[in-house]
Amino acid sequence: MNFTRWSARLPGTQRRAARGTEGSVPAARGEYAQQLEHLAHEAAETGEPVDVPALEDFSVRELLGRLPGLVALAYGPEHRIAYVNDAYAAAFGPRPAGVPVADTCPEAEELGLLPLMDQVLRSGKPRTVKSRRTQDGGSYTVTCLPVDSAQLEGGGVLVHAADVTDHAEAAERLRASERRHRETAVTLQRSLLPQDLEQPDDLRIAATYQPGGTDAAVGGDWYDVITLGAGRTALVIGDVMGRGVRAAAVMGQLRTAVRAYARLDLPPHEVLQLLDGLAAEIDASQIATCVYAIHDPNEGKLVYASAGHLPILVRDEDGSVRCAEDPTGPPLGTGGWLHASGSIALPPGSTAVLYTDGLVERRREDIDEGVAALARALSGASGTPQVVCDRLLRSLGVTAEHDDDVAVLVVQHPSRKGADAELFHNAALELLGGVEAAPRARAFASGVLSSWRFPVELRDLGVLATSELVANSLQHGTPPMRLRLRRTDRRLIIEVTDGDDHLPRRRRAESEDEAGRGISIIATIASSWGSRRTPGGGKAVWCEFALPTP
């Protein structure tokens with residue numbers, strides 16, 4: 001049964017669809033397939049053979065003309081136009097036959113067709129370019145196919161362009177939405193990071209934060225510097241695993257909690273212990289790493305605790321680099337772990353670097369190799385803390401397109417000489433107890449403060465504060481007791497330690513009370529005061545006086 005006989009057996013509408021004279025080509029093909037299946041079933045029942053129509057029974061020009069895609073046929077090295085279908089003419093206007101594409105088709109240049117057609121003509125292989133935009137705002141995906149025909153002198157190229165404007169606009173809206181979401185997360189994260197780092201008297205500190213590239217969602221990297229009083233400083237860096245606003249929000253809560261816990265002046269491992277429980281309450285699905293370290297200028301070292309974070313690196317004055325060893329506990333939020341504190345020396349002239357994994361972690365590379373690369377870069381990095389930050393980022397290949405967030409905190413303990421060194425002094429006295437301890441402490445303080453050439457008023461306040469702190473320790477503390485005086489370029493610090501761990505508190509003394517006014521006096525005359533427990537079961541009580549600016 002030929003095509004004419006077969007189509008004659010169909011109803012009028014179906015016959016016209018099968019012939020391709022009505023409806024779209026895809027619709028005609030669908031009905032054609034259904035009718036073939038029907039006739040095949042009928043032939044199986046009647047035994048009459050069915051003749052399937054060949055492609056030659058269809059008009060190629062008619063098929064191409066009805067395609068919704070844009071079709072053009074060009075021939076020869078100059079790509080002269082042989083044919084454009086109705087969809088092409090409707091999109092870009094009719095094109096005269098025999099004229100080179102370059103002369104009459106401005107859309108060819110906008111879509112980058114000429115180089116593509118040259119490649120297809122030379123190689124004989126099809127080529128495709130995706131989502132090219134024209135000046136009128138339309139977007140097209142274009143495929144060029146080689147056509148080998150004796151009627152096309154010099155060979156031909158069939159161009160098929162699919163209009164993907166709706167898809168391209170939807171994709172652009174999605175990208176714009178993602179950009180806004182990322183910008184919101186970056187803005188949130190930057191607002192949660194410290195805008196101005198606190199600068200302790202004894203340290204120079206700089207930090208940098210760089211979000212991942214434009215295609216990466218912002219993470220939860222963070223850092224902080226917290227002055228604890230008595231010259232001590234807390235240094236914090238952490239990383240919330242995850243991306244976007246959620247990670248940034250968790251980071252903000254953890255940073256706020258760290259600042260609150262730091263005010264308790266607890267050892268680093270106790271701060272992480274509290275933070276671990278809080279992290280699980282904030283969001284059990286978000287795991288964070290963190291290092292919390294405390295610098296005490298009287299001890300010349302960093303005491304730290306780590307919750308799954310990368311080790312602190314320290315560069316000595318001679319350029320050698322040391323790595324903080326264990327202890328390192330699991331990340332925050334895992335629970336069931338008792339954190340421990342360790343220490344690493346930070347002598348004058350040394351530089352410590354705290355960082356997040358974005359600085360050293362690379363795909364297909366062990367993270368220990370990244371830490372080793374950072375150590376080599378730090379060995380040759382000198383200058384101010386900010387200069388060191390910038391050099392480390394460059395050395396580790398961190399650019400604006402880096403695919404992960406990076407936070408770096410650089411801490412320098414400067415080596416002071418000359419006039420600068422004259423502004424920093426320490427003096428200490430062991431107190432043996434007994435009735436002579438208080439007068440000895442007052443005499444010692446008076447002599448030291450006079451040698452430091454303080455004004456008489458400040459010297460008298462310092463001696464009074466010394467007397468009250470020592471009296472408090474003699475009454476409520478236990479041996480061993482020690483008085484320590486320290487001056488920096490900005491403040492005078494007076495501290496008394498003893499062997500009892502009961503922390504004093506300020507209370508209102510009644511008029512008939514003979515004691516209980518010491519801490520109130522300290523709080524009144526000093527710029528600030530505080531107390532903390534010390535390793536071994538003792539305590540330290542301190543106060544500070546701001547020095548007059550020259």
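Starting from 1, each residue takes its place in the sequence as its number.
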I need the minimum non-hydrogen distance between [X] and [Y], along with the two atoms involved.
X: P504; Y: W529; answer: O-CH2, 4.2 Å
X: R440; Y: E430; answer: NH1-O, 3.8 Å
X: P385; Y: Q412; answer: CD-OE1, 3.3 Å
X: L409; Y: A207; answer: CD1-CB, 3.6 Å
X: C389; Y: A206; answer: SG-O, 3.9 Å
X: L346; Y: A352; answer: CD1-CB, 3.9 Å

**Study point:** Stepwise side-chain hydrogen bond (donor to acceptor under 3.5 Å, both in side chains) check, D201 with T488
**Key:** CA-CA 7 Å; D201 298 355; T488 70; 2.5 Å; yes

Check your understanding: When you look at D221 and T356, which way does the side-chain hydrogen bond (donor to acceptor under 3.5 Å, both in side chains) test go after all the steps?
Key -> CA-CA 7 Å; D221 293 14; T356 57; 2.8 Å; yes

Point to revise | Identified side chain to side chain donor-acceptor pair (under 3.5 Å) partner of K539 from the options T497, D498, D501 | key: D498

Backbone of [Y] reached by a side-chain donor or acceptor of [X] within 3.5 Å:
X: T233; Y: P200; result: no
X: T141; Y: S131; result: yes
X: R391; Y: S382; result: yes

Practice item. Could you give me the CA-CA distance, side-chain angles and deciding distance for E198 and R259, then say whether salt bridge (Lys or Arg N to Asp or Glu O under 4.0 Å) is met? Key: CA-CA 13 Å; E198 298 182 30; R259 293 192 71 87; 2.8 Å; yes

Going by the side chain to side chain contact (heavy atoms under 4.5 Å, CB included) test, name the single residue among [options] that passes it with [X].
X: W222; options: I237, D405, V240; value: V240
X: Y355; options: V360, L378, I312; value: V360
X: E361; options: I367, V371, L310; value: I367

Review point. Taking side chain as C-beta onward, heavy atoms only, is L547 less than 4.5 Å from R487?
Key: yes

**Study point:** Lys/Arg-Asp/Glu bridge criterion (N-O < 4.0 Å) met for D296, R232
**Key:** yes

Review point. Does the pair K417/E422 count as a salt bridge with the N-to-O cut at 4.0 Å?
Key: no

Exercise for review: Assess whether atom CH2 of W452 is packed by more than 12 heavy atoms of other residues, nucleotides or ligands within 6.0 Å.
Suggested key: yes

Check your understanding: Is the number of heavy atoms from other residues, nucleotides or ligands within 6.0 Å of CD (E436) greater than 12?
Key ->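 Yes - once you tally the heavy atoms of other residues, nucleotides and ligands closer than 6.0 Å, there are more than 12.
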
Review point. Does the side-chain contact (heavy atoms from CB on, under 4.5 Å) test come out yes or no for T384 and V387, once each step is laid out?
Key: CA-CA 5 Å; T384 66; V387 169; 3.2 Å; yes

Practice item. Check the pair R532 / E495 against salt bridge (Lys or Arg N to Asp or Glu O under 4.0 Å), numbers first and verdict last. Key: CA-CA 11 Å; R532 70 180 186 278; E495 183 178 74; 3.0 Å; yes

